[in-house]
Engineer: 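Dumping the structure here so I can ask a few things about it.
Each chain gets a letter, A, B and so on, in the order its sequence line appears, and its residues count up from 1.
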2 protein chains.
Amino acid sequence: MIRLEEFNEVCQKSLNMIDEAGILLTPEDRKKMTAADFGLSHIKTEGVQILSMFETDRIAGKILVLLPNQTEPEHWHPTVGEDPGKEEIIRAISGDLYFYIRGKDNMQHGFIVDGKSDCYTMRKEVVLEPGEQLVLPAGSKHWFQAGKSGAVMYSFSSKVTDLLDQFSDPDIARETIIEK
Amino acid sequence: MIRLEEFNEVCQKSLNMIDEAGILLTPEDRKKMTAADFGLSHIKTEGVQILSMFETDRIAGKILVLLPNQTEPEHWHPTVGEDPGKEEIIRAISGDLYFYIRGKDNMQHGFIVDGKSDCYTMRKEVVLEPGEQLVLPAGSKHWFQAGKSGAVMYSFSSKVTDLLDQFSDPDIARETIIEK
């Protein structure tokens, strides 16, 4: 649950960060800015802001924004019917961005959200500098976090099936409820 | 056929245009810059420069560059086996960009390459300002052209099958031969 006031605040901050990164948005794009709190009700700690640029039955492109020190919870994109699962490419645009994927623990820059070490099991850190990219194969578990500057990135993918994403945190509900 | 010297020249100009547009490229990205003359041997008139950012079996992202008044020949992405054809989303980054698709002739900004009116049959003009996008469904015939400033754009798509593209100009061969 997120209050409308806070929802509007994180969306506006995110639009400002996209503007500062030099990404041009049309008025139509700006209206599509949204935010997800994953049902955890503390979006500035765990959450993400999302602007969908395009989405067809086959491919999708989004801009994702993390506010300073905001964390997107660990999740993976499962097989859905005949779809082997969403394949995703992240391309960093600006800010401090840390991805965590399967592999040897080398965490150095990021942090585990307080009391949630069971919900953040991937500990191989990949620092993405602006312009760098990371391929996330279908089904691969990942989470990501911004440093003190926040982060703006592109996410390009095969068909979006976000409401079917699987999360390590059993308390998560993917749908965000806005309290007016 | 294109001389190596000219190939290098159009690639370097295109990298400069991407830099000027504020798009960050890694050294690895820069090495991927290439150019296509479609076998017509006059790349500055008909041709395109291409930087592939990522390409998997399912999705691809490229940066396309047109030099001033350069034209990408009319083509379409056909059905290939079980693939219904490449679906493509163009997102304009900078410059003057005109797309031509099926529909009522409203050409105003662009021009037909000299003596080639049979090879450019789509005449519905869509002017793409920086930040604007256009969805090209699989199989839809299209061509595009830059105005006097040239143009830089993203192309996001389902699986790339470019060597199987179909062209309106019977003289076209999709593979570019570089003469050293």
Engineer: Mind checking who shares a hydrophobic cluster with Met1(B), ILVMFWY linked at side-chain heavy-atom distances under 4.5 Å?
Structural biologist: Ile177(B)
Engineer: Can you list every donor-acceptor pair under 3.5 Å that links chain A to chain B?
Structural biologist:
from: Asp29(A); atom 1: OD2; to: Arg91(B); atom 2: NH2; distance (Å): 2.8
from: Met53(A); atom 1: O; to: Gln133(B); atom 2: NE2; distance (Å): 2.6
from: Thr56(A); atom 1: OG1; to: Glu87(B); atom 2: OE1; distance (Å): 2.5
from: Arg58(A); atom 1: NH1; to: Gly85(B); atom 2: O; distance (Å): 2.8
from: Arg58(A); atom 1: NH2; to: Asp83(B); atom 2: OD1; distance (Å): 3.1
from: Arg58(A); atom 1: NH2; to: Gly85(B); atom 2: O; distance (Å): 3.1
from: Arg58(A); atom 1: NH2; to: Ser158(B); atom 2: OG; distance (Å): 3.1
from: Asp83(A); atom 1: OD1; to: Arg58(B); atom 2: NH2; distance (Å): 3.1
from: Gly85(A); atom 1: O; to: Arg58(B); atom 2: NH1; distance (Å): 2.7
from: Gly85(A); atom 1: O; to: Arg58(B); atom 2: NH2; distance (Å): 3.1
from: Glu87(A); atom 1: OE1; to: Thr56(B); atom 2: OG1; distance (Å): 2.5
from: Arg91(A); atom 1: NH2; to: Asp29(B); atom 2: OD2; distance (Å): 2.8
from: Gln133(A); atom 1: NE2; to: Met53(B); atom 2: O; distance (Å): 2.6
from: Ser158(A); atom 1: OG; to: Arg58(B); atom 2: NH2; distance (Å): 3.1

Engineer: Would you mind checking which part of Ala138(B) comes under 4.5 Å of any heavy atom in chain A, side chain (CB onward), backbone (N, CA, C, O), both or neither?
Structural biologist: side chain
Engineer: Could you tell me the separation between the CG atom of Leu25(A) and the CD1 atom of Ile63(A), rounded to the nearest 0.5 Å?
Structural biologist: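 If I round to the nearest 0.5 Å, the distance is 5.0 Å.
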Engineer: Heavy-atom pairs under 4.5 Å with chain B: which of Val135(A), Ile93(A), Ile89(A) has the most?
Structural biologist: Ile89(A)
Engineer: Pro137(A), Pro130(A), Gly22(A): which one forms the most heavy-atom pairs within less than 4.5 Å of chain B?
Structural biologist: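 Of Pro137(A), Pro130(A), Gly22(A), Pro130(A) has the most heavy-atom pairs under 4.5 Å with chain B.
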Engineer: Could you grab the distance from atom CG of Leu134(A) to atom CD1 of Ile101(A), nearest 0.5 Å is fine?
Structural biologist: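 Separation between the atoms: 5.5 Å.
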Engineer: Pick out which of Leu66(B), Val65(B), Leu67(B), Val10(B) makes a side chain to side chain contact (heavy atoms under 4.5 Å, CB included) with Val48(B).
Structural biologist: Leu66(B)
Engineer: Give the minimum heavy-atom separation between Phe156(A) and Ile59(B), together with the two atoms involved.
Structural biologist: O-CD1, 3.9 Å
Engineer: Please walk me through it: do Phe144(A) and Leu128(A) pass side chain to side chain contact (heavy atoms under 4.5 Å, CB included)?
Structural biologist: CA-CA 10 Å; Phe144(A) 49 105; Leu128(A) 285 185; over 6 Å; no
Engineer: Quick one: pull up CZ in Phe7(B) and CD1 in Ile178(B) and give me the separation to the nearest 0.5 Å.
Structural biologist: 4.0 Å
